Colleague: 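This is the structure I want to talk about, given as structure tokens.
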Amino acid sequence: MSAKQETNHYMTIDGLTVHDPGDSERTPSDVALLLADAADGVVVGTAPYASVLRGGRRRRARRWAAASATALALAASAGTLAVAGLPAGNGSGDTSVATNPAPPPTPPGPDVRTPSRTLLASGTDHGERWRVLVDLWDAPRSEHQAATELAAMRSFGQQPADVDDAADLVGRSTYFVLREYGEAGTARVVSEGAFTDGESSSGEDVEAVALPLKPGDQGAERLVVGRVDMDARQVTCTWKDGTTTEVPSFFEAAGGDSPTKSVDMGSENPLIRGVDGSPEAWFACVAPEGTAFKSVAVTK
């Protein structure tokens, strides 16, 4: 007689080991009961979202801290204080390093080789063109610069009357007034002076020189050149015959507090003008033929 061979079958469901008597003895109801028993041992709850999120944040914080420590160490070795390795505010993950700002650029040194030249006034007298120009030299900052400037002045035919040594030029800007009459390129110095730091006219102060309009003319002093405060609005030149010439600032010529007029800025139109590099404003006026200078004053 043949014996029936038995085979034991085992199955595991979620940690529960179940004896399986074999396919020949398992019925559908047996399988259903086994699955039901396994389901009873399983606890179903909500997903641990908060725990997962906290874990992710902890891992990300550790990465940021490590990156920050590395960046700070690199910055310290370079001699700068930096905050780096943190994600950019736009969420792109880009990083940036804050370093010490660059020092401001050094201002340019004075030009001690060439003066700034300003055309102050011009006109025609007896068919001859005349011009008044102002050359202004920057103030040297050292004796070496002063020596260079003094040599350059001499090459322009300009020599300060009160300077015995180049060192006397340090800290002062020197000006020369030139008059040109007739042929171009014949300008010659007729007056000179200097400004030191903080020095300028104020209020109704006027510094002026009167001289003949034509070089070599021993006649009437018809040409007046002067300096006034930057806020001066009008200068009045009075002539010996009782007539006057008014020289306004641009502001005054345009109409003052209610500017409505156009202004001719040409050098033939008498105006109080700025001269490049000068702390004061300048003017020039010419007396009519047959009369001469009497006085000058700031009248506005």
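All figures in this text were calculated on a predicted structure; none of them were measured in a lab.
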Colleague: Quick check: are there more than 12 heavy atoms from other residues, nucleotides or ligands sitting under 6.0 Å from CD of Glu183?
Modeller: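 No, not enclosed.
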
Colleague: Heavy atoms, side chains only, cut-off 4.5 Å: are Tyr181 and Thr186 in contact?
Modeller: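 Heavy-atom side-chain distance check fails, nothing below 4.5 Å.
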
Colleague: Are the side chain of Thr148 and the backbone of His144 linked by a donor-acceptor contact shorter than 3.5 Å?
Modeller: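 Here the side-chain-to-backbone pair exists.
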
Colleague: Do Val163 and Arg172 touch side chain to side chain, with heavy atoms closer than 4.5 Å?
Modeller: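 Answer yes - side chains close enough.
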
Colleague: Considering only heavy atoms from C-beta outward, does the side chain of Glu204 approach that of Val228 to under 4.5 Å?
Modeller: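 No, side chains not in contact.
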
Colleague: Looking at Glu289 and Arg222, does any basic side-chain N land under 4.0 Å from a carboxylate oxygen?
Modeller: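 Salt bridge: yes.
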
Colleague: Go through Thr236 and Thr245 one step at a time and tell me if the side chain to side chain contact (heavy atoms under 4.5 Å, CB included) criterion holds.
Modeller: CA-CA 6 Å; Thr236 300; Thr245 298; over 6 Å; no

Colleague: Supply the atom-to-atom distance Leu169 CG to Asp162 CG, rounded to the nearest 0.5 angstrom.
Modeller: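 Separation between the atoms: 8.5 Å.
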
Colleague: Considering only heavy atoms from C-beta outward, does the side chain of Thr118 approach that of Arg273 to under 4.5 Å?
Modeller: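 No. Closest side-chain heavy atoms not under 4.5 Å.
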
Colleague: Measure the CD-SG distance between Glu246 and Cys285 for me, rounded to the nearest 0.5 Å.
Modeller: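 Rounded to the nearest 0.5 Å, the CD-SG separation comes to 11.0 Å.
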
Colleague: Is it the case that one hydrophobic cluster holds both Val206 and Trp239, taking links as side-chain heavy atoms less than 4.5 Å apart, direct or via other members?
Modeller: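 Yes, one cluster joins them.
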
Colleague: Under the side chain to side chain contact (heavy atoms under 4.5 Å, CB included) criterion, do Ile272 and Trp282 qualify, and how do the steps go?
Modeller: CA-CA 6 Å; Ile272 298 173; Trp282 290 69; over 6 Å; no

Colleague: Rounded to the nearest 0.5 Å, what separation is found between the NZ atom of Lys294 and the SG atom of Cys237?
Modeller: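 Here the interatomic distance stands at 13.5 Å.
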
Colleague: Name the one of Val112, Val170, Leu150 that satisfies side chain to side chain contact (heavy atoms under 4.5 Å, CB included) with Gln145?
Modeller: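 Option passing the side chain to side chain contact (heavy atoms under 4.5 Å, CB included) with Gln145: Val112.
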
Colleague: Would a hydrophobic clustering, with Ile, Leu, Val, Met, Phe, Trp and Tyr connected at side-chain separations under 4.5 Å, put Val224 with Val189?
Modeller: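 No, because Val224 and Val189 fall into different hydrophobic clusters, even though each may have its own neighbours under 4.5 Å.
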
Colleague: Just how far is it from atom CG of Asp138 to atom OG of Ser173, taken to the nearest 0.5 Å?
Modeller: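 Result: 7.5 Å between the selected atoms.
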
Colleague: For a 4.5 angstrom cut-off between non-hydrogen side-chain atoms, does Arg117 reach Leu178?
Modeller: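 Yes, side chains in contact.
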
Colleague: How far does CD of Glu180 sit from CZ of Arg131, to the nearest 0.5 angstrom?
Modeller: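 Output value for this atom pair is 4.0 Å.
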
Colleague: Any chance the side chains of Thr299 and Gln234 put a donor and an acceptor closer than 3.5 Å?
Modeller: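 Yes - a donor-acceptor pair under 3.5 Å links their side chains.
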
Colleague: Measure the shortest side-chain to side-chain distance between Arg154 and Gln159 over non-hydrogen atoms and say whether it is less than 4.5 angstrom.
Modeller: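 A side-chain contact under 4.5 Å exists here.
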
Colleague: Can you tell me how far the CG atom of Asp125 sits from the CG atom of Leu213, to the nearest 0.5 Å?
Modeller: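 Between Asp125 CG and Leu213 CG, I get 5.0 Å after rounding to 0.5 Å.
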
Colleague: Is the shortest heavy-atom distance from the side chain of Pro160 to the side chain of Phe176 under 4.5 Å?
Modeller: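 Heavy-atom side-chain distance check passes, below 4.5 Å.
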
Colleague: Keeping Glu192 on the side-chain end and Ala161 on the backbone end, is there a donor-acceptor pair under 3.5 Å?
Modeller: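 Pair found, side chain donor or acceptor close to backbone of Ala161.
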
Colleague: Less than 4.5 Å apart, any side-chain heavy atom of Asp229 and any of Glu280?
Modeller: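 They are not in contact (no side-chain heavy atoms under 4.5 Å apart), so the answer is no.
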
Colleague: Quick check: does any side chain N or O of Asp168 sit under 3.5 Å from a backbone N or O of Asp164, one acting as donor and the other as acceptor?
Modeller: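 Checking the backbone N and O of Asp164 against the side chain of Asp168, a donor-acceptor pair under 3.5 Å is found.
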
Colleague: Does atom CZ of Arg113 have more than 12 heavy-atom neighbours, drawn from other residues, nucleotides or ligands, at distances under 6.0 Å?
Modeller: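 Result for CZ/Arg113: open.
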
Colleague: Are more than 12 heavy atoms from other residues, nucleotides or ligands located less than 6.0 Å from atom CG of Asp276?
Modeller: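 Open.
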
Colleague: Using a 6.0 Å cut-off, check whether atom CD of Glu128 has over 12 heavy atoms from anything other than its own residue.
Modeller: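 More than 12 heavy atoms, drawn from other residues, nucleotides or ligands, come within 6.0 Å of this atom.
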
Colleague: When you measure from the side chain of Asp241 to the backbone N and O of Thr291, does any donor-acceptor pair fall under 3.5 Å?
Modeller: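 No, because the side chain of Asp241 does not come within donor-acceptor range (under 3.5 Å) of the backbone of Thr291.
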
Colleague: Aromatic rings Phe195 and Tyr175: how do their planes relate, parallel, tilted or perpendicular, breaks at 30° and 60°?
Modeller: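 Answer is tilted, since the angle falls between 30° and 60°.
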
Colleague: Return yes if a side-chain donor-acceptor contact under 3.5 Å exists between Ser249 and Arg233, otherwise no.
Modeller: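 Side-chain D/A pair, Ser249 to Arg233: absent.
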
Colleague: Where do Gly171 and Ala139 come nearest, in terms of heavy atoms and distance?
Modeller: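 Between these two residues, the closest heavy atoms are C-CB, 3.8 Å.
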
Colleague: Answer with yes or no whether the hydrophobic clustering places Val286 together with Leu133; edges join I, L, V, M, F, W, Y residues whose side-chain heavy atoms lie under 4.5 Å apart.
Modeller: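 Shared cluster, no.
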
Colleague: Between the side chains of Arg129 and Glu268, is the shortest nitrogen-to-carboxylate-oxygen separation below 4.0 Å, so that they form an ion pair?
Modeller: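 A salt bridge is present here (some side-chain N lies under 4.0 Å from a carboxylate O).
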
Colleague: Starting from the C-alpha separation in whole Å, work towards a yes-or-no answer on side chain to side chain contact (heavy atoms under 4.5 Å, CB included) for Phe293 and Lys240.
Modeller: CA-CA 6 Å; Phe293 169 75; Lys240 288 184 176 180; over 6 Å; no

Colleague: Is there a path of hydrophobic side-chain contacts, each under 4.5 Å between heavy atoms of I, L, V, M, F, W or Y residues, that connects Leu136 with Phe156?
Modeller: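 No.
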
Colleague: Quick one: which of Val177, Val132, Leu211 gives a side chain to side chain contact (heavy atoms under 4.5 Å, CB included) with Ser191?
Modeller: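 That would be Val177; it is the only one of Val177, Val132, Leu211 passing the side chain to side chain contact (heavy atoms under 4.5 Å, CB included) with Ser191.
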
Colleague: Going only through I, L, V, M, F, W and Y residues with side-chain contacts under 4.5 Å, is there a path from Leu223 to Val134?
Modeller: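 Yes, one cluster joins them.
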
Colleague: Would you sort out whether Ser116 and Trp137 count as a side chain to side chain contact (heavy atoms under 4.5 Å, CB included), showing the intermediate values?
Modeller: CA-CA 7 Å; Ser116 62; Trp137 295 80; over 6 Å; no

